[in-house]
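In what follows, chains are A, B, ... by sequence order, proteins preceding strands, each numbered from 1.
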Amino acid sequence: MLRAQDLHITFNPGTPIETRALRGMSLDIPSGQFVTVIGSNGAGKSTFLNAVSGEMKVDSGRIEIDGIDMTRQPVWERARHVARVFQDPMAGTCEDLTIEENMALATLRGQRRGLGWAVKPALREEFRAQLSTLGLGLENRLSDRIGLLSGGQRQAVSLLMAALRPSRLLLLDEHTAALDPRTADFVLQLTVRIVAEHKLTTMMVTHSMRQALDVGERTVMLHQGKVVLDVSGDERKGMTVKDLLTMFERVRGEQIDDDALLLG
Amino acid sequence: MSLYTLLGALEIGLIFSLVALGVYISFRLLRFPDLTVDGSFPLGGAVAATLISNGTDPFVSTIVATIAGAVAGVITGWLNIRLKIMDLLASILMMIALYSINLRIMGKPNVPLINEPTVFTALQPEAMSDYVLRPLLLIVVVLAAKLVLDWFFSTQTGLAMRATGSNARMARAQGVHTGLMVLGGMALSNALVGLAGALFAQTQGGADISMGVGTIVIGLAAVIVGESLLPSRRLYLATIAVIVGAIVYRFFIALALNSDFIGLQAQDLNLVTALLVTIALVVPKLRQHWSGKKLN
């Protein structure tokens, strides 16, 4: 499970543009749970995800995965336990490498890399089988450069790559945001399938409230660098986007009241 | 052009194809603009010539020179990775530092190797002229280097190194220690350049402090000429292209300098190089421009 405790991150501290991106952010995700994370721009969604993946160092707080303290580990060390799909389709794959080379890279995520061949015939067969489940015809294009693929195809391959090696946590960073609605839907369905197949502990950041309620089993809303709303189970089942918006407005209203009290 | 000049051009072309392979690794695979080359080439020459003239076995001397090149590359990488100095600047710092280091190693501006044994004299059969043997031996060395690189870059570690150059963020997310990969790639790149310097000193009768001037431009010229002659993204074809580029480039230089009617002399070498690189850089763009016009 993921345990994030009291995370603080401040950008440009002590300057006029100081931004307190995370202000005591805490979140536990039990093993096997699929959590969706929403929040308005600047709420701290991406900062939190980057803190968990290791791309951003936290000023204070603690990040644990299955009891292993990761707070000070660099990205490449955390990769042993954490798989990730990026928002930008270009970011998650190496455009100069072929489809099979990209996948070969992912089969050894967080493992020792030696001097054996990166792509072996057995591995190639496995990739072919995996790719054919996408129904995109990519199984016949193993030695094509991945840069030749469309954004949606690259995101689909990125998802497959994330599941090639077992992980304790899968991070999805608005991974459908850059796609057209139809492709986004395809990638989202694929996400649900892969997460269920591998029983992955998953945290999906999304900009879409609809998406946040449609998939997963728990939804968390961030505001001003903290969790302000955490719904799951029966409460979440009947929930509509409108309910969520209402709750969000209420939370934000209270926040403003707090500020007004402080200023008053 | 006589057979002698032709073989001479082939010989130097083959030596510089090792430089070109090194430059290909840093500039193309790692995307690290590395000017260390201008210092690690004479470093290889200085180490090999000094050791040989002190009585060390030429093969051992050549290996030590190769390792010296690798160390220079690692230091440039370290300046960039650990001390966060911009890549280009880190390599320029290393390049000028090596100028002093090379003078220290040699103890004087040049170390001649006239009657000393070299890796070429050691393998010289009675029946063959030295100017025929040298290119033949160099072909073996260059092909061996090419095959080793082709193999290495298709291994798990080699793939991680290529991923580091192509998309470092993705490589890290896949658990690749990208800093280590840059150090390794820079070591490999400059080891090849050091080896080239060592072989150059042994074919040209000694090492000289100014032998490195413009090495990076020649290496880049070879890469660019090779890529425009044989455009390919497959690695084993790209390494062939780079080698062919280096040899073709040397032939053009020899042709230019040996054609009396053009009136060029040895001191015009760098000007000719600059012109050739400019042409090689502009021609692909012009080609695009023309084909673009046809489409409209």
Side-chain angles (χ1 to χ4, degrees), chain A residues 49-50 53-55 73-98 100-120 123 143-148 154 157-158 161-162 164-165 167 170-171 173, chain B residues 24-32 77 80-82 84 145 147-185 187-188 191 223 227 231-239 241-242:
Chain A
L49 191 130
N50 284 327
S53 75
E55 281 196 358
Q73 284 188 5
V75 178
W76 61 269
E77 248 176 83
R78 291 188 203 192
R80 171 188 267 266
H81 306 299
V82 180
R84 180 171 189 186
V85 180
F86 293 89
Q87 174 175 4
D88 178 4
M90 307 297 151
T93 48
C94 269
E95 63 171 330
D96 298 323
L97 304 185
T98 62
E100 60 184 11
E101 284 170 337
N102 270 283
M103 294 180 82
L105 212 55
T107 53
L108 288 179
R109 176 171 44 76
Q111 304 296 303
R112 270 191 77 86
R113 292 169 204 268
L115 291 176
W117 296 108
V119 184
K120 291 183 209 105
L123 214 50
S143 53
D144 275 7
R145 275 196 317 116
I146 210 155
L148 299 171
R154 284 174 79 163
V157 177
S158 295
M161 281 163 55
L164 280 174
R165 173 151 293 278
S167 61
L170 171 64
L171 297 176
D173 182 9
Chain B
Y24 179 76
I25 294 171
S26 54
F27 273 71
R28 288 292 188 261
L29 294 184
L30 287 177
R31 305 220 177 125
F32 191 124
N80 173 239
I81 299 294
R82 289 311 295 264
K84 313 280 181 210
L147 291 175
V148 168
L149 290 182
D150 289 351
W151 163 77
F152 174 71
F153 283 110
S154 31
T155 65
Q156 294 160 353
T157 306
L159 186 62
M161 201 177 272
R162 283 159 66 201
T164 300
S166 171
N167 184 348
R169 192 171 174 220
M170 179 269 195
R172 275 192 293 274
Q174 298 298 343
V176 175
H177 189 341
T178 48
L180 207 60
M181 289 297 135
V182 172
L183 292 185
L188 193 55
V223 170
E227 283 173 345
S232 169
R233 295 206 176 238
R234 301 232 171 253
L235 199 80
Y236 64 94
L237 290 177
T239 47
V242 163

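- The minimum heavy-atom distance between A:A79 and B:A173, with the atom names listed, is CB-O, 3.3 Å.
- With chain B as the partner, the residue from A:A104, A:G110, A:G54 showing the most heavy-atom pairs under 4.5 Å is A:G110.
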Any idea which donor-acceptor pairs are under 3.5 Å between chain B and chain A?
| from | atom 1 | to | atom 2 | distance (Å) |
| --- | --- | --- | --- | --- |
| B:R31 | NH2 | A:D96 | OD2 | 2.3 |
| B:S154 | O | A:A118 | N | 2.9 |
| B:Q156 | N | A:G116 | O | 3.0 |
| B:Q156 | OE1 | A:G114 | N | 2.9 |
| B:T157 | N | A:G114 | O | 3.1 |
| B:T157 | OG1 | A:R113 | O | 3.1 |
| B:T157 | OG1 | A:G114 | O | 2.6 |
| B:R162 | NH1 | A:E101 | OE2 | 3.4 |
| B:R162 | NH2 | A:E101 | OE1 | 3.3 |
| B:R162 | NH2 | A:E101 | OE2 | 3.2 |
| B:S166 | OG | A:D96 | OD2 | 3.2 |
| B:N167 | ND2 | A:M90 | O | 3.3 |
| B:N167 | ND2 | A:A91 | O | 2.9 |
| B:N167 | ND2 | A:T93 | O | 3.0 |
| B:R169 | NE | A:E55 | OE1 | 3.2 |
| B:R169 | NE | A:E55 | OE2 | 2.9 |
| B:R169 | NH2 | A:E55 | OE1 | 3.2 |
| B:Q174 | O | A:G110 | N | 3.2 |
| B:Q174 | O | A:R113 | NH2 | 2.7 |
| B:R234 | NH2 | A:S143 | O | 3.3 |

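- For a residue to count as touching a neighbouring chain, one of its non-hydrogen atoms must lie under 4.5 Å from one of that chain's; by this rule A:M90 touches chain B with the backbone only.
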